[in-house]
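A short worksheet on the structure shown next.
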Amino acid sequence: MLVRICLFLLVFAVLPLWKKLKINFGTSLVISSLLISLVFSVPLQQTFHNFINVFIVPSTFKNVIIVTLIGSLGVLMKKYDFLTKVNDALLNILSGQKKVMMVLPAVTGLLSVPGGAQLSAPFVNELGENLNVKPEIRCVLNLTFRHISMFLVPTSNALIVMAAIIPDVNLYFIILLDLGFVLLMQITCYFLYARNIKEVKTKIDRTKLPQYIKQLLIYLSPIYMIIIFNGVFGVDMLISVLLSFVIIFILCGRNDAKGYFDAFKKGIKPGTFVMMVGLFFIQNTIKNADTLIVWFGEIFAGSQGIVLALAIFAFAVILSVTTGLSYTAIGVIMPMVMSLGLSATHIAIFAFFVFTSSFCGYFFSPLHLCQLLTIQTVGCPAKGVYKEYSKLMPCLVVYAFALFFVYQWILL
């Protein structure tokens, strides 16, 4: 089994090498899925189903379509200067470009759609150029501030999965526990990457503040209306995204129908579609590699105390790194925690730890879609971004463990 685990990790270690062979990332993910199937002796028929299920399972294929459409949403918002006007409004409300560079990703992060980081990435990139910020740091800032809402907004995918698994535990209590981690993460990010960026102040005309607030609300509407449609009124996410296209058409496209649809088509990237297909194929493959899941399950079941915490962390990180999703690990590990017969408070603390552990794997995963799209938008080498991550990564790990034990000491 150890040989299989080593081969499994090797498959992901060689992912960057496919690019040197001029094989795009989506295709390399498909190849990696096939290799993993071989390593864990997944039957050929099951491998075929893993691939076909990307297209025939509605929830999966819907996410493929949503992410592909997000590219068009970004192109249209750029064509009609939506985010420029949001940027302008924020500059006149917040009075500083550095502040905007951090706040804008957090605002667009409210859009709980895979790949949504590409909406803020062009503007963080532009502001970073104005402030002479290294491209790698622009990526880190966009990604870090983008993911605040993942911990604090109950409509985020990870929290929805968590609520479904532990319905008897107050979700807002978990969010409160998450808040400590989020604060530490953002403070650390600021001191590591943003503190020494020289601020460029914008003179504010207080009499025009209502005008800028109105401008912010109008030109952010394609983003926050998705949240309102989906989170408040329960409209399907795909329909909510399509309604955002209607909003842009009503605001700007009615007198420019040809330009609107040309921009829409321009935003549909076949490479993004293939990348999403490959991403979900590899997730399906890992979920059906039974010997892998059983092996980790045995380690988990035979542990306790600090060893249990280390086992949970390792399991969560590996699942999240290899799938590029945090809620995969949550969905696998939390049912095991529920079987331990713990109190609601203790389960909530474990839920926090599983959440933050899976985030550590997901955030730094080479399959993390927001990361892939941000690096692609900024146009810098992934190696440089990971070099910057080397400062942040150990801090997040320490925060996850420290808060896990502090919360137990205080609350139990």
Side-chain angles (χ1 to χ4, degrees), residues 1 3-19 21 23-68 113-115 157-158 160-161 164-165 237-238 269-298 315-336 358 361-362 365-373:
M1 188 62 193
V3 173
R4 287 186 174 187
I5 296 298
C6 291
L7 289 173
F8 174 71
L9 297 175
L10 182 62
V11 169
F12 291 96
V14 301
L15 266 177
L17 300 180
W18 294 112
K19 189 175 181 180
L21 298 175
I23 297 174
N24 65 47
F25 188 72
T27 304
S28 68
L29 287 177
V30 173
I31 294 171
S32 297
S33 299
L34 296 172
L35 292 174
I36 291 170
S37 297
L38 287 173
V39 168
F40 289 100
S41 303
V42 178
L44 185 61
Q45 185 178 11
Q46 182 62 58
T47 300
F48 176 74
H49 283 305
N50 290 339
F51 182 76
I52 293 299
N53 282 347
V54 176
F55 301 93
I56 65 174
V57 174
S59 59
T60 301
F61 191 62
K62 193 181 295 181
N63 275 331
V64 175
I65 299 301
I66 288 171
V67 173
T68 305
V113 175
N157 290 333
I160 289 172
V161 170
I165 297 171
M237 180 60 79
L238 178 57
K269 304 290 186 184
T272 301
F273 181 85
V274 174
M275 181 174 69
M276 287 303 300
V277 169
L279 186 65
F280 284 113
F281 180 29
I282 208 166
Q283 290 172 20
N284 289 342
T285 301
I286 289 168
K287 289 176 187 176
N288 286 283
D290 294 334
T291 52
L292 174 66
I293 300 300
V294 168
W295 189 75
F296 282 117
E298 288 173 352
F315 194 9
V317 166
I318 290 172
L319 283 175
S320 301
V321 165
T322 54
T323 62
L325 291 172
S326 63
Y327 49 83
T328 301
I330 292 169
V332 172
I333 296 174
M334 282 310 299
M336 299 180 192
S358 62
Y362 154 76
S365 171
L367 304 181
H368 180 181
L369 187 60
C370 287
Q371 182 164 211
L372 293 170
L373 295 171

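Side chain of Gln371 to backbone of Pro366: no donor-acceptor contact under 3.5 angstrom is found.
Every residue meeting the side chain to side chain donor-acceptor pair (under 3.5 Å) condition with Thr47, not counting sequence neighbours, appears here in chain and number order: Ser37. Considering only residues two or more places apart in sequence or on other chains, Ile56 meets the side chain to side chain contact (heavy atoms under 4.5 Å, CB included) condition with Ile52, Asn53. In this structure Lys62 satisfies the side chain to side chain donor-acceptor pair (under 3.5 Å) test together with Asp236, sequence neighbours excluded.
The side-chain heavy atoms of Asn50 and Phe281, taken from C-beta on, include a pair separated by under 4.5 Å. Inter-residue side-chain proximity for Lys269 and Thr68 is flagged as unmet; no heavy-atom pair is nearer than 4.5 Å. Here the side chains of Phe51 and Thr285 are not in contact, with every heavy-atom distance at 4.5 Å or above.
Across all non-hydrogen atoms, the minimal contact from Val11 to Leu35 is CG2-CB, 4.1 Å. Closest non-hydrogen pair, Val274 versus Thr27, comes out as CG1-N, 4.0 Å. Scanning all heavy atoms of the two residues, the minimum distance from Ile330 to Ser358 falls at CG1-OG, 3.9 Å.
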Q | Intermediate values then yes/no, side chain to side chain contact (heavy atoms under 4.5 Å, CB included), Tyr362 and Val321 | A | CA-CA 5 Å; Tyr362 154 76; Val321 165; over 6 Å; no

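If you take OG on Ser320 and CZ on Phe315, they are separated by 10.0 Å, rounding to the nearest 0.5 Å. For the atom pair OG (Ser365) and CD1 (Ile318), the distance works out to 12.5 Å, reported to the nearest 0.5 Å.
Using bins of under 30°, 30° to 60° and over 60° for the plane-to-plane angle, the ring pair Phe55/Phe61 lands in the tilted bin.
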